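See below for the structure under consideration.
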Amino acid sequence: DRDVILNILGILADLFSVGTDRRIHYMISKGGSEALLQALVNAAQTAEPDYSILLPLLRLLAKVGQRDRKFGRRVQMLEAIDVTLSLARKNLGHHLHLIHCLWAMRVYASSVTAGTTLGINGAMELLFKVITPYTKKHTRTVRAAIEALAALLKSKSNSRRVVHRGYLCGLLRLYQDWHQSDVSNSYIHIRRGLLLCLKHITNIRSGRETFRCARGMEILFTTVQDCLASKSLDSIVTTVTQILRKCYPKESLPLATASSSFSFSPPGSISFQSPRSGPEGKFEEDGEEEVEKDFDNDDPESKEEDDDLETDVNILRSRPGLDRPEKELAQYEAMCAELSHDFQVGIHKGDVLRSLPVTCPRVIPSAAFMQQQRGRGKDQNTKGPRPEPAERALKAPLKGPEKDGKCLGAQTTENKTTGDSAQNEDGLGEEKSSARSCGLMLRPLPKEASWDAKTFNAQFVSCCSPSPAGEVGALDVGKGLLERRQGNIPFHSPHLYMAKARSTKSIPDYTFLALSDFWGHEPPSYCQSMLERKYEVQRAKIFDDIRRLIQPGDVIGRVVFDLEDLDTPDCLKFFSKFESGNLRKAIQVYGFEYDLIMNADVNSSQHHQWFYFEVSAMKSAVPYRFNVINCEKVNSQFNYGMQPVMYSVKEALQGKPHWIRVGYDICYYKNHYRWSAAAAGATQRKSYYTLSFSVTFPHKDDVCYLAYHYPYTYSALMAHLDMLAETRNPKKIFYRQQTLCQTLGGNPCPLLTITAMPESKSRNDLEQFRNRPYVVLMARVHPGESNASWVMKGTLEFLISSDPIAELLRKCFIFKIIPMLNPDGVINGNHRCSLSGDDLNRQWLAPSPLLHPTIYHSKGFLYYLRSIDRAPLVFCDYHGHSQKKNVFLYGCSVKETLWQAGCTVDTAVVTEDVGYRTLPKILDKVAAPFIMSSCSFLVEKSRASTARVVVWQEIGVLRSYTMESTYCGCSHGLYKVSTSRERERERGLQIGTRELEEMGAKFCLGLLILQLKSWPCSKKLMAQAAALLDLEEEIRDFQTQRSEDFIPARAVFAFH
Ligand SMILES: [Zn+2]
């Protein structure tokens, strides 16, 4: 009955026009969709369809269908698709009827299968007929058709059909027409709908290809330029950006191979083959969705963290056995001379201690045989078989017993190597070592420099020329520079630095020193706040990338640096062959814009993050733009206020030897370069990211250095250690520098001992001296984390200082410090790995004495401490964190891990000392950049082979930590407010070396408070501490907190 139906439809429409979706859902649950669809089919299949029924029905269906998740299936079952399509066909000239059909079709297409059926039955042809050619008549119908088409194109088979029919060009032309005629922006929906069609079509490869052939890139790029100014067109700009990024042809990096320019044959391997990526790689993938992320709400850390938690209680509570024969541990006794030293020979002569025999563990590969390997580039590597030194390394050092403290093993190797190298076809080993004896040169300064005469005299210029005379010239440069030097940088001596750098062994065999490292760095007196992030920056840079593609004529595209300066006129000069430098290639894109490619870690084709290079020949007051195009992390603090650092030599000469934060218009985003390891048999594929920033250099023709973070080289460490030894008070401080082992690259890895001299030679005092608990600290296992070295610098300087707190600390603990666990990585400009291409902080479970000597012996040394019942009270490995702000600790807890994983294991059964939380809590109070809430005590499976977890589990150290320092800045506490200026208040302080060093010192203070609060100690010590620290206040603060995890300090006081 027509009237009944009309009445029901009217009532339903009224019901659904108000109220919530619950009404619709209720109707759907009662079979309402089916009833409506059935009614539609019945009404449409009559000879003379009654539109007074059909129209309200279609309107209802469009409304109900959006909420019905099974609508697509129902539509197909009841054959409503055909019915609706034929209705639409019949009404091509009747727009009121047609638009109703289109609304319904759009909702049908929300199901991909129903959409595909519509496509097979000719829906796209029909819709295309409705929307073309461009007309401003019946725009409501056009809009409905475009929106239906966009919905249909979510189906890939529909997209393919559209491409085959050649509709893509038509859509592009239509978009252009609408764009041109819609001056008043009244038809944004239509324009956006067309873009959505293109967006879906370009999800398939043939769609992207056709789009590019149809000059889609140019058309969209050109048209969108008119839209940038208007905020209301944001949705258009965003969709265009997504399409353009997706369609940008993927390429491999402009390099012959992504592998590092430097290779090294680690002992025991025949030849190293890193996965190669060739230019033949095809990077197109079907369905590759490029989503433009808004990074603001991303927390890169939280993802999948829970899956990674170790939930096996047996694993968590296990204590694995030794990974080596127990008798091997005896060699480390020599590293604990303080335990046996009797102080009978002149207690006041600290030097005696330094002249103690330096024993060398026998299995350690020594420098000598490695020398041969240094400097072997790719080309030499591909030569025929050559004597393999690895085997000798295994055997040779085992010969001969140690005698008179000299490591005979090493000597044997040395002799043998010399003998062998005479037979080598290239005799490279000897050549290189003789080259080294010429010494290092300072980087030349530009001769034509228009530097003002005051700071730059003629004599100076003459000695700066890159004369091959080597050492002499370099010294003169040094002298010349030093005459101009104003003030002294504490704990830095350029001469000492140069001396140390001379004995540093690198793969490229550096012949130059970076002036920044030589001259030294002193933090500026002012603080730098984080950069304000501008919304449009990333978008603008992406458009700039696309402009290069579609306007290739403007691109210079000239390689100006490829490990060597190519001496090209009218451009910046680059250089990076100095310690920790790692620029591989520079390409001039436009007059003042350069693409930069970092070198991969030695023996690897990845791990790009760290960068350090020199630029010169710049103009002043011109913004230079740099794009580092082979970054790897998916996100970066460069998107959240972090800036790179720069050192200007001219500024340094004018008395401002500072690394400072520079750069603006900084952003970090995924680019169109891809890397594929298919050639190596793997299916690994990865995207590269661009870090883009602009710099305006302070002076013309200056020499400047740019880096990811404040550099700290191995030579800087070695020089620093010498200065520490000199400055200390030998009467008070027991200080000893030993060599833990030689690295693969032949550099000594220093091990320090710092504690207070015994009060007297009395038995009691010697006893107290020997019984002090150990604290073991390490840093810089990851070479790119130079922040860790600055924190360590702060720790070391504080520990040898005359500060009364430091004095007290030395009386409480014996510090064993390995300040740089990966010297080779640091020297050769790596970001993550050692020379063997391994991440050394993933080797702790089973380190190889040959491939990971520093880890093998650090672990051996810790094993030794445990074997004599002196496992350290605190172990801490200093790192840098690239995704987070502030400074925080990671520790290990069985209970917290199980809780976090939501484990059903009865955690009440698992007993655990919660003392691991005390130190971070203390640091939260005493160290400004430190934040407790970022600390975590979870044991992740992926971290099972890190120092923190292995030292906790195998050595049994409860307080085993990783300390993570930000590269960026602080977002809380004292350093949240960086300046008095209101606008910068929110942004916080960007961390500098002063704050990092302060953190290192405060860490020590934390250790002292930990000692006082957690263990009984002598009255005298307690009284001294109470006088120094405002302990009363401390105690009150701590008592107000939950304090089950440590003995309250008051109790300790009372006890004594
Ligand atoms: Zn690290």
Side-chain angles (χ1 to χ4, degrees), residues 300-301 305 308 580 582 600-602 604 606-612 631-637 642 707-714 717 749 776-793 795 817-845 847 852 854-855 858-859 875-892 929-930 934-936 938-940 942-952 960-968 991 996 999-1000 1003:
E301 281 300 295
E305 204 173 58
D308 190 27
S580 293
N582 74 338
D601 282 8
V602 176
S604 149
Q606 44 190 343
H607 310 296
H608 313 95
Q609 185 173 324
W610 167 257
F611 59 83
Y612 184 16
C631 304
E632 280 173 273
K633 294 243 172 175
V634 293
N635 198 355
S636 164
Q637 284 290 319
M642 180 166 105
Y708 180 77
H709 196 72
Y710 306 94
Y712 189 97
T713 62
Y714 171 75
L717 170 74
C749 174
V776 174
L777 306 176
M778 300 178 172
R780 208 75 189 277
V781 68
H782 292 142
E785 295 165 5
S786 60
N787 35 7
S789 276
W790 289 99
V791 178
M792 183 53 89
K793 182 172 186 280
T795 294
I817 300 176
I818 303 167
M820 198 174 275
L821 269 170
N822 188 357
D824 294 342
V826 171
I827 294 163
N828 294 294
N830 285 6
H831 175 66
R832 187 85 182 169
C833 296
S834 69
L835 287 191
S836 62
D838 294 313
D839 179 343
L840 290 182
N841 204 31
R842 295 291 182 279
Q843 309 301 332
W844 278 78
L845 275 177
H852 323 116
T854 58
I855 304 303
S858 298
K859 192 177 174 186
F875 169 86
C876 189
D877 189 15
Y878 294 8
H879 283 252
H881 201 292
S882 68
Q883 305 284 350
K884 288 188 172 178
K885 298 199 166 65
N886 311 309
V887 179
F888 47 93
L889 288 182
Y890 289 142
C892 304
F930 195 89
S934 287
C935 295
S936 163
L938 306 177
V939 182
E940 303 96 337
S942 60
R943 303 289 186 277
S945 203
T946 59
R948 159 178 65 103
V949 176
V950 171
V951 171
W952 169 71
S960 173
Y961 303 107
T962 297
M963 180 154 65
E964 299 278 2
S965 300
T966 181
Y967 288 100
C968 177
I991 209 145
L996 291 167
M999 185 61 230
F1003 181 82

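Since this is a predicted model, take the numbers as computed values, not measurements. One-based numbering, in listed order, for ligands and for the atoms of each. The residues of the chain are indexed from 1 along the displayed sequence. Worth knowing before you read on, the calculation uses all heavy atoms, side chains too, and leaves out hydrogens, waters and symmetry mates.
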Practice task
Would you check if there is a donor-acceptor pair between the side chains of Y890 and E964 at a distance under 3.5 Å?
Solution key: no
Practice task
Can you measure from NE2 (H831) to CG (D839) and round to the nearest 0.5 angstrom?
Solution key: 9.5 Å
Problem - Nearest-0.5 Å distance that lies between atom SG in C833 and atom CG in D824 - result: 12.0 Å
Handout entry: Approximate separation, where rounding is to 0.5 Å, of K859 NZ and H852 NE2
Key = 12.0 Å
Completion exercise
Atom name of the N, O or S atom of H782 nearest to the Zn ion (ligand 1) is ND1
Completion exercise
Checking distances from the Zn ion (ligand 1), one finds that the N, O or S atom of H879 closest to it is ND1
Practice task
Using a cut-off of strictly less than 2.8 Å, determine whether E785 has an N/O/S atom near the Zn ion (ligand 1).
Solution key: yes
